[in-house]
2 protein chains.
Amino acid sequence: MSGRLPKYKQIQEELRYQIQQDVYQVGDLLPSENEMCAHYGITRTTARKALEELQREGYIMRRHGKGSVVVERRNSLGLLTVKGFSDVAGKAVRNIMVAKPHVASWDTSFVFTPSPTEEAGDCYRFTRIRCVEDDAVLVEVSWLDCGLVPGFDKQEFVNGSFFKTLSQCYLIEVLGSEQELQAISAQGTIADLLGIPVGSPILYIAVRYLTNKSGYYIYSKLYCNTSKYSIGNRFLSK
Amino acid sequence: MSGRLPKYKQIQEELRYQIQQDVYQVGDLLPSENEMCAHYGITRTTARKALEELQREGYIMRRHGKGSVVVERRNSLGLLTVKGFSDVAGKAVRNIMVAKPHVASWDTSFVFTPSPTEEAGDCYRFTRIRCVEDDAVLVEVSWLDCGLVPGFDKQEFVNGSFFKTLSQCYLIEVLGSEQELQAISAQGTIADLLGIPVGSPILYIAVRYLTNKSGYYIYSKLYCNTSKYSIGNRFLSK
DNA sequence: TAGTGGTCTAGACCACTGG
DNA sequence: CAGTGGTCTAGACCACTAG
């Protein structure tokens, strides 16, 4: 097992949890790097790494000469982070499997063209709807090479999570993703699943996930009704 | 002058330039960390910092035990990086000022509400269109507090760049941004400026830029025609 | 001025990829 | 196996912020 997390990650997650639990509230300063060193018995390099990651995740803002300030978290869809859709702050999220994984052929009408190795064989394909408080906000169609995940159509999802299943059952880790965003008009099935009129503007996101199995990708098409929940994003430079 | 760039930044920019110039092509390996240490006379920490930044920018992909691989750059809008819209790989980008900076009142119909300090006074407002090869793809309406940039309506843009002007004339640095994305239908003026039929689905992005002047922000509304150029994005974890 | 984060050095051990 | 990147230590000097 690769098992144990690096120290900086453990500390990062502990701090993130404390922010989520309001131990540190918006505007508060996190402990300084030196205080963290003393508290955890680590060096500044490790403390900094944890804090830099938290900044990248949008939980804090670091200011030279001042410290690490907890920043306001927006009430919008978890977005585009690598692992996809997860937390809409404080709201109940539900997933509905519309079409269970089944063998299909590759869809070619797509921004990302499958690699030749992939296109030669079949793929598994499945469709889910993501709801926030009973509003269907996202239709997600995903597919991946059959060779990558043998028996995937008979495999139960671990905790209902696709990525957890990949990691725990197939040792596949997602290293990153590429996305293309477009505004389009909702058509038949999609409009239907989202419960909106045909022709409504929706956000279409084509995603290609990079995995640790080189040459193999995971593809998703997301159709998102942004009328109630917009897609939030935060970037911090420096 | 704060002037000189840190070593890691210099190296990062040198490598990025070499990738852009095809000195290193897609699929190529960059020099290893140890090779870079020897070549530049630095330590691994510094070399790593440069490479991590390049990875974050989406130029390379780092693989444990293998090296730093140059990855394919997408042919889509420069996107959502902090400094906004810049390079559409290899295409001519042109900006048209539709409405020069002028004094206006705050727009309240907005995802981000101005802070009380801001709302008390007036603001400067201006509108630009961004074209890629003669296609208008983006309408951008920006505004910011009058107190932040005195005389902004009489100020020529440095190199036509809003951010350069802020930095060089007003010592304002952009530290990051928050964005909300939505798919909407194009209405009158916007449809007109983009040269598309009313009702066409477009991408609407509300942006709030964080600056080094605390309490002051810069706001933008982007209306983007994604039918020809989609918005590209890349995330790499770990 | 004291304390903070930003940069950097010079090491070390480990886990992973490839031949 | 040799070489790579991932993590970590124990220092250092500097620029920035705030009282």
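So you know, we letter chains A, B, ... as the sequences are listed, proteins then strands, and number each from 1.
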* Asked: For the base of D:dG6, is there a side-chain donor-acceptor partner from B:Arg63 under 3.5 Å away?
  -> no
* Compare the minimum distances between each of D:dT9, D:dG5, C:dC8 and the side chain of B:Arg62, then state the nucleotide with the smallest one. => D:dG5
* To do: Using distance alone, with no hydrogens and no angle criterion, decide if A:Glu14 and A:Tyr40 have a side-chain donor and acceptor under 3.5 Å apart.
  => yes
* Asked: Rounded to whole angstrom units, what separation is found between the CG atom of B:Leu51 and the P atom of C:dC8?
  -> 14 Å
* Among the candidates D:dT4, C:dT9, C:dG5, find the nucleotide nearest to the side-chain atoms of B:Ser32. => D:dT4
* Between B:Phe126 and B:Phe162, does the ring centre distance come in under 6.0 Å? -> yes
* Structure fact -> When rounded to whole Å, the CG to P distance for the pair A:Leu5 and D:dG6 reads 16 Å
* Output the single nucleotide from D:dG5, C:dT7, D:dC8 whose closest atom is nearest the side chain of B:Glu33. => D:dG5
* Asked: Would you say the ring centroid of A:Phe157 lies under 6.0 angstrom from that of A:Phe163?
  -> no
* **Nearest-Å distance for atom pair NZ/C1', residues B:Lys7 and C:dT9** => 9 Å
* A:Ile11 has an atom CD1; how far is it from atom C1' of D:dC8, in whole Å? -> 11 Å
* Asked: What's the closest nucleotide to the A:Lys66 side chain, out of D:dA18, C:dG6, C:dC8?
  -> D:dA18
* To do: Using whole Å, report how far OH of A:Tyr40 lies from C1' of D:dC8.
  => 17 Å
* Would you write the dot-bracket representation of DNA chain D, where each base gets (, ), [, ], | or . depending on whether it forms a Watson-Crick or G-U pair under 3.5 Å and with which partner? => |.||||||||||||||||.
* Would one find a side-chain N or O of B:Tyr8 under 4.0 angstrom from OP1 or OP2 of C:dC8? -> no
* Structure fact -> Judged by nearest nucleotide, the residue sitting upstream toward the 5' end of DNA chain D, A:Thr43 or B:Leu30, is B:Leu30
* Asked: In whole Å, what is the span from the CD atom of B:Gln10 to the C1' atom of C:dC8?
  -> 13 Å
* Structure fact -> Note: for A:Thr45 and A:Ser68 on DNA chain C, the residue whose nearest nucleotide lies more 5' is A:Ser68
* Asked: Can you list the residues that meet the side-chain contact (heavy atoms from CB on, under 4.5 Å) rule with A:Lys66, with sequence neighbours excluded?
  -> A:Arg63
* Measure from the side chain of A:Arg44, starting at C-beta and using heavy atoms only, and say which of C:dT7, C:dC8, D:dA18 lies closest. => C:dT7
* Nearest listed nucleotide, side chain of B:Arg48, among D:dT7, C:dG6, C:dC8 -> D:dT7
* Can you find a side chain N or O atom of B:Lys9 that sits less than 4.0 Å from OP1 or OP2 on C:dG6? -> no
* Going by atom types only, do B:Tyr59 and B:Gln20 share a side-chain donor-acceptor pair under 3.5 Å? -> yes
* Using the test side chain to side chain donor-acceptor pair (under 3.5 Å), find all partners of B:Arg128 that sit at least two apart in sequence or belong to another chain. => none
* Using atom CG of A:Asn34 as one end and atom C1' of C:dG6 as the other, report the distance to the nearest whole Å. => 13 Å
* Test: B:Arg208 cationic atom under 6.0 Å from B:Tyr217 six-membered ring centre, within 45° of axis -> yes
* **Any side-chain donor near an acceptor of the partner, A:Tyr8 and A:Glu13, under 3.5 Å** => no
* **Gap between atoms NE2 and C1', on B:His64 and C:dC14 respectively (whole Å)** => 8 Å
* Heavy atoms under 4.0 Å, any strand shown: does B:Ile42 hit a base, just sugar-phosphate, or nothing? -> sugar-phosphate
